[in-house]
Each structure stands twice: as C-alpha cells, then as structure tokens.
Amino acid sequence: MEQQITQAEARNNPQPKVMHMAPVLRGLVWATIGFAIFDLMTVAVDPFRGRPLVTEPSVVVGWVGALIGWLMGVGGYEGVILPLFGSPSTWVEPKNWRKYFGLSTNHKVIGLQYLVTSSSIFFIAGMDAMAIRYELMQPSMHFFTYTGQYLTAVGVHGSLMMFGVGTVVLISGLGNYFVPLMIGAKETVFSRLSGIGHWLLPAGALTLIASPLLGYWDTGWRGYEPLASQDPGGMVFYYLGIFAMTLSTIIASLNLAATIIFHRARGMTWARLPLFVWGILTVSLLNLIWQPEIEMTFVMALLDKLIPFHFFDALGSPLTYLSMFWLFGHPEVYIIVLPAFALWNEIIPVMAQKNLFARDWAIIGLIFVMMLSGLVWAHHIFTNMRNSEMFPFSFFSEMISIPTGFSFMAAIGTLWRARLRFTTPTLLVLMAIFNFVIGGLTGVYLADPPVNLQVHDTFFVIAHFHYTIIGGAIFTWVAAMYYWLPKLSGRMFNDTLGKWLALWIFIGFNGTFSQMFLLGLDGMNRWVPAYPPYLKPLNYSVSLFAFFLGAGFIANAIHIWWAWVKGPKSPENPWHARTLEWLTTSPPPDDNFDGEVEVVRGFYRYDHDEPSAYLVKNPEPAE
Amino acid sequence: MSQPHEPTGIMEQTWSRRQLLWGGAGLAATAAAAIFGKQAIVNVARDVFGSPVMSGKINLYQFDYYFVPNYMTWRVGDKLEVTLQNQSHTHWHEWTIGRHLNMDYFQAFGEMDADAWAIDFWQDVDVTLSDPYKIDNFVPNTAHVTYVGPKGPYQIQSGGDFSPTIQPNGSLKLTFTVPNKPGIWYYGCFVQEFIHYRDGMQGIINILPA
C-alpha cells in the first residue's frame, strides 16, 4: 500500500524577511532588554531590604539574560533557536561585508571575526597597560585616585590579555581561519556552534570592561581568595566575563579538534599533518581539559560570594582556590605559547626553503609540553608550601624545558647553514625565539625554590611572563599576520617598512621588560601603585619604553591594515610554501578549494621539486 | 494535508554602514559615560527629578559596600527615626556623617583620607539610641546621647566621629530632630581603614532649611 508523506512546502516565501538593523546592534538592544527582564525578575523574587534595583544575585541572573539576548540578537534566534523548535527558519548569511557583523558558519569569516575582536581587546587592554605605566612613573599615586582603581586596571588588563588575546588570536583566530585550509577541509565540523562561540568573546570582554560599574576589585587576573570574597561587586563581572570568554575558547577548541580528526583531506595522514595543525590539536586538548576546570572553579567562587558558601574563605580553604586556579593557570601559558612554537617551525623551513630538521621531535615536543604542563602548577604558590612539597613541582617545571627545547632544536637545526630569506616574518620569528629564550631561561630560575622565594611577587616575575607571552606568542602572532597576509588578502605588505616596524617593537619590548627584571631584583613589588622613591628612575625609563612599544604595535596594525586594503597584489604563493592553504586562491573562495585535495607527501621537504598535494579541479559546469 | 509552514527568519539584510557606525559609536559613548561619569549622571537626574523629603521612620541599610538609600533629603526641625541595619553576612559597617574629609599626605599614596570628617554632623545633636542588636562599638564623640535600656550592648569608646559600628545582621534605632545645619552633608563607612568608603559606601544628605 502506498503511503503519502506530507512535506513542508519549499521555502519560497514571496516576501522575504528583511533585516533592517545590524545584527550586532540588535544583539546589544536585546541584551539590554534581556538584562532588564532577568534582573527585575530576580529582584522581584529575591528583594533586598530597601529594594535596590540591582543586587549581586540579580546582576548575575541579569547577565545571563543579557547573554541570551546578545547571542539571539546577533543571529542565534534565527540560526539556532527557531530551527531547534522545528520552525523552517532561514538565516541567510550576507555575501558582502555585512557577513562580519552577525552569526556566520564560515570558518574563515569566524576566524577574521575572532582576529578583529581580539585585536580590539588587545588595543583596550594595551591602553590599560599604558595607564598602569603612567601611574608607575611616580613613586606616589598621581593618576588613579584610589588603590582599588589601580588594581582594577591591572586586573582588567591581565584578564583581557590572557582570556581575550593570548588564548584567542593564534587558536580561535588564525586556527579557525587556517586549520581547515591546511588540512584540505571545506568546512569545520561544528560550524554553527563555532559561529555562536565567537560572539561569546566580545560579550565576555565587555563584561570585564564594565566591571568597575559594580565596584573596584583588587585581585588581578588570578582572583585570589579570600580577598575575592571580600571584594566589591565588580568581582562578579570578573567571574562572568571570563566564563564567557573561556566558553568561547572551549567551543573553538572542540570544533577545531573535531575538524582535525574527522575532516582531513585524502592522504592527509597523521604523519603528514602540518606543524601548526599539530600545535592547534595539542592546544585544543589542553583547552578541553583545563578551561572547564577554571570555569567550575569560578562558578564555585561566584557562589561563595553570592550565597555565601564557604568553599574558599577561612571556614573552607583559600589554598584550594590557589591550587585550582593554577591547575588551569599554568597550562594556560602553554595554551598561549604552543601554537607559537608550532608556527616558528611552520615559517622557518619555508623562509629557508630547507627541510624541517627533526620534524618528529618538534611534534613530540609539543605533545610532551602539553602533558607536562598539568604537573607544574604549584610553582606559583611555593610561598605557601613546605620544602618537601616543592620538590616535585620544581622538578617538573625544569623538566618541561626539555620538550620546549625540542621546538628550539628543530628551528635551530633548520636554520643551520640555511640560505635564509630575510623577510619580515623571518625577522619576527627570530625575535620571538630570542625573546622566548630569555623568558624560558628566567622560568628555569623561577622554578628553583631559593630564587622563587626571593623574587616571588616582584617585577622579576612580571618580566618573565611578559617575555614568554608578548615576546613569544604576540611576536609570533605579528609574524604570522605578515606571513599569511598574502593569503588573507591577496596583497603584499612593504617588506622594508615591515622590518623597521618589527625592529621598533623589538626595541620597545626589550627596553621595557629587560629593565623589569632589574626592577624586580631591586625590590619592586607587584600589585602596588606606589613604591619607594629609589625605584623611580628605573620605573620612569620602563614606562617610556612601554609607551614606545604601545605605539609600535599600533604602527604595525596600521601597516597590516593598509597592506590588506591597499597593498600591491601578491603572487599566488609568494613564499613558495608547500602547505595546502597555498594550493587555493587568495583570499580563498567560500568552500576553500575549487575541487578535491589529495595529499601525496609531507610538506616540510625541500630537497625535491615534487608537489606535496594535488588539487583535482571540479569540472567546469556544462553550458 | 497540513498547511505548509511559512518560513521564518532572515532572508536578506539591508542595514547601512552609517547605521552600524553611528549605532556603535553611540553605544560606546553611552557605555563610556556610564563607566566614567556615573556620579555626574546621577546628580543631573536628581537635579531634574528632585528627591522627596524624608520624614518620620527611615530605613537605612548597609551592604558590601554601599548604602541603600545613598541619597536622602531631610528638613530642619523634622523628627526622624532612622533604623540602621547592616545587611552584610560578613562585614562590620558603621555610619558617620560629616563634611570635609581630613586629608593627609602619605608618602605612598599621596593625599589620602586621614582620620574621618573635619566637621562631625552629630556635634551637639540630641540623639536617642534604642533597640541595639549586635552592636560592635559606638563612639558618641560630641553628640548628646540618650540610651534606652542598658548601655552594655553599645561598647562605648572614644576617638573619631560619632559612629555606631554594627555587626553583620545587626541593627540600631536612632531618634533625633534634624538640627539647624542646612546644606549638603556626606555620610560613609570608614571601616577597614576607609576601604569601605573608597569602595562605594558613601552617601549624601541634603538638609533643607525649615
């Protein structure tokens, strides 16, 4: 017997629904409405005496409402919610520049959204750093009125840089854009989720920026207890803002790891996987392990504050918070720097046109850094430990320098007797390697308890981690932006200008942070807006270099922007690289490759002229 | 045969670049004004809408770290009964009223609040304290205080402004006639070396002439 199946009509609505408001603006309006509804509902069921309209519990629930409103407003309503309830919804992504201002499922659009959002966060947090350095030009307070304001500025700077820039640019930004291209994929696995994930990032950053509205918080990016439980309401926005930003990172990592595992082109075996893809895979696993851990810690700390529970105060255990923070916190620095290690060994063989030295060991290094990074956390809290407890953490902290060294070994081995093309990306990678040597060696010193206990919480530590994060990761980000600019835009930058600008930030950076080592050894403490007058000359000089560095980053951004829009046309494969992203046009088409990719050999051998991969073009459509 | 669903959602976007730029700039300006000019906005709103005169029974609540209300309008000669209640679960809070914070030069932090108000509002004011519950300490300073019931719970001490300090969840009733001291007065909680005050435990009393 024949059965008739009823189907919905094709989507041929004669009057298409038109969106007259930019999705980002609609998101902000809906977020405001969402906040008002959820906040007032909470105040209605949980009124405080005197009926204030905004209380700590209400602001948390209101924030959830705002987040829902924001995500729905940027396109989640039509893209996710309506389909979830069975409605034949359409969210047609615009084909023009408008696509960057709403929900997208295209990994290249999402990658660029991440890069722009993250660069904006870098700018804001950088201006914050300038304010900090301006304050520290004098021994007593002259710029900020209260110490709380200064400490909030420090906390917002650190949190935004770590969760909005360091964890984001190389992974969610360049990773989203280039990983699918480099493995020959046409799309990512969870593309819609990934699109939503990006919009959590500005939501989190704006939450942190707005935190002074609820009162100045003192804890810096670490949120140490029991201080956090004593702090004004701004602390609440610290937890919530970072929650949104880390959730964005978890989504990006989940999507990229799944894409690397399931969407590789034919012939893209694990043994042929590009270095940068290995970097993103290891770092995604780190993110999937540790970001949920810090989110749960922050949820506990938030409840500690609101209810209050007594997890982390004197009735509970403040030291437990410290350990739970650094259990995430130390892997976090490797999350930031692992993709940078991978990028060095991506860029150097191309620029040298020479086989990558010890490729396997470069990858093993990445994997062992990933694994050891969870075993070193307590070196941040040696001041709270017995000698016997310090030993294993000191041991593993020093051991992690060995797999780190593998990345250096591969890079230096490749550079050995190479006829290196001295381009802007080359120069920046070499600078990053130089900077990270200093950051890494001082890290080995810091892992030794005698040194650690002496310089704990001084500017020596500040200098050390800025050398790894700015010197290692941010310099590599700039290098990668120059390296991939021809791919991103189809245009070329001015190489001479690029080298001068690289030199600019190199001098600014080393001038700023090398002196901070001395400041720390001279007794300059972290977390203080005022200091003994004998430290003024050195602080003054550090600040001048810091302003120079800040201007240098802006100059590089302007140069990259100019080249992106107005630069001369670039050849298809200007660096003669072998990885797959160069197999397609620049910028790549919507579905990445005009055909099927087949990989036939690895990408890092330059001792032959055979291609690494073939692009079997789609047949021309019949006329 | 069921009716076909009408497609929902967005098929096309037509918004302009101008809308995006102006809308974004407007929202950014609003946010900046909210973060950096919060107090100025509140002051303008009060000037425009006014603030009703409070009389009779007034509840004044202390939270971490703010007062509700943080602005009051009184009138000279009115009889007031202020019930001060500390709503914090964890923190001790006090209530001082005065003018001109004493400032001191402190090497580390420049000009800093030194030791409370130069002028204490409660000087020579007749005030009756009653229903003390979880009072930590009380400094009468130069006020003329009448205690209802035993003095034991007050832990009376000297030094500093007139300041009842209340434990978490404690409360105290202050009954007095608004003295002839019209103008703007400030109140705050100076506990923990003024940090509560700096973190936002501040308020303003506008006393109108009789």
Side-chain angles (χ1 to χ4, degrees), chain A residues 6-13 16-25 28 48-52 55-56 75 77-79 82 86-92 94 97-98 101-102 139-142 145-148 206 209-210 212-213 215-216 229-233 308 313 528-531 533, chain B residues 1-17 19-24 26-28 30-32 34-36 38 59-70 83 85 87-91 105-113 192 194-201:
Chain A
T6 315
Q7 280 189 323
E9 293 264 318
R11 294 171 191 173
N12 55 352
N13 191 356
K17 294 210 170 140
V18 177
M19 191 167 189
H20 296 293
M21 191 179 207
V24 274
L25 294 183
L28 287 166
F48 274 30
R49 298 278 176 83
R51 296 207 164 261
T55 64
E56 272 184 19
Y77 178 64
E78 292 86 359
L82 288 180
S87 181
S89 171
T90 42
W91 172 257
V92 178
W97 54 273
R98 289 187 180 88
F101 297 93
S140 63
M141 284 180 63
H142 63 109
T145 313
Y146 296 140
T147 49
L206 289 174
I209 293 165
L213 278 176
Y216 300 112
S229 63
Q230 301 270 321
D231 257 15
D313 66 6
V528 284
Y531 52 84
Chain B
M1 182 95 182
S2 62
Q3 289 292 313
H5 292 290
E6 186 184 327
T8 53
I10 305 299
M11 316 268 288
E12 195 189 341
Q13 299 188 21
T14 58
W15 45 275
S16 65
R17 187 183 317 213
Q19 182 209 58
L20 181 74
L21 292 175
W22 281 105
L27 285 164
T30 312
I35 291 174
F36 298 110
K38 194 165 57 168
N59 284 310
L60 179 60
Y61 301 102
Q62 296 165 312
F63 294 91
D64 302 337
Y65 301 94
Y66 53 96
F67 285 100
V68 174
N70 61 5
T83 308
Q85 298 181 57
Q87 293 292 304
S88 170
H89 301 289
T90 46
H91 283 69
Y105 182 75
F106 180 44
Q107 185 260 313
F109 299 123
E111 287 289 326
M112 291 288 280
D113 334 332
Q192 288 188 298
F194 296 88
I195 289 177
H196 292 198
Y197 180 78
R198 288 176 213 142
D199 279 345
M201 286 200 81

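Lettering follows sequence order; numbering is per chain, from 1. Computed from a prediction, not measured in an experiment: that's the story for all the values here.
- In this structure, Gly102(A) and Pro23(A) approach most closely via the heavy-atom pair CA-CB, 3.7 Å.
- At a 4.5 Å heavy-atom cutoff, the contact between Ser16(B) and chain A is made by backbone atoms alone.
- Heavy-atom distances place both the backbone and the side chain of Leu213(A) under 4.5 Å from chain B.
- Using a 4.5 Å cut-off between heavy atoms, Leu27(B) touches chain A through its side chain atoms alone.
- Of the atoms belonging to Asp231(A), it is backbone heavy atoms, and not side-chain ones, that fall under 4.5 Å from chain B.
- For Val24(A), the part sitting under 4.5 Å from any heavy atom of chain B is the side chain, from C-beta outward, and nothing else.
- Within the 4.5 angstrom heavy-atom criterion, only side-chain atoms of Gln87(B), from C-beta onward, approach chain A.
- Ring centroid separation for the pair Tyr66(B) and Phe63(B) comes in under the 6.0 Å cut-off.
- You'll find the side chain of Asp64(B) reaches within 4.5 Å of the side chain of Thr90(B), heavy atoms only.
- The choice from His142(A), Glu56(A), Arg49(A) that makes the most heavy-atom pairs within less than 4.5 Å of chain B is Arg49(A).
- With a 6.0 Å radius and a threshold of 12 heavy atoms from other residues, nucleotides or ligands, Phe67(B) has its CZ atom above the threshold.
- Among the candidates Arg98(A), Glu78(A), Met19(A), His20(A), the residue making the largest number of heavy-atom pairs closer than 4.5 Å to chain B is Arg98(A).
- Between the side chains of His91(B) and Gln230(A), at least one donor N or O sits under 3.5 Å from an acceptor N or O.
- When each of Ala210(A), Pro232(A), Gly215(A) is checked for heavy-atom pairs under 4.5 Å with chain B, Pro232(A) comes out on top.
- There is no contact between Leu206(A) and chain B, counting heavy-atom distances below 4.5 Å.
- Atoms OG1 and CZ, on Thr55(A) and Phe48(A) in that order, are 4.5 Å from each other to the nearest 0.5 Å.
- Between Trp15(B) and Trp22(B), the ring centre distance reaches or exceeds 6.0 Å.
- For Phe36(B), no part sits under 4.5 Å from any heavy atom of chain A, backbone or side chain.
- In terms of heavy-atom pairs under 4.5 Å with chain B, the best-connected choice from Ala22(A), Ser229(A), Pro94(A) is Ala22(A).
- Ring orientation note: the planes of Trp97(A) and Phe101(A) are nearly perpendicular, at an angle over 60° on the 30°/60° scale.
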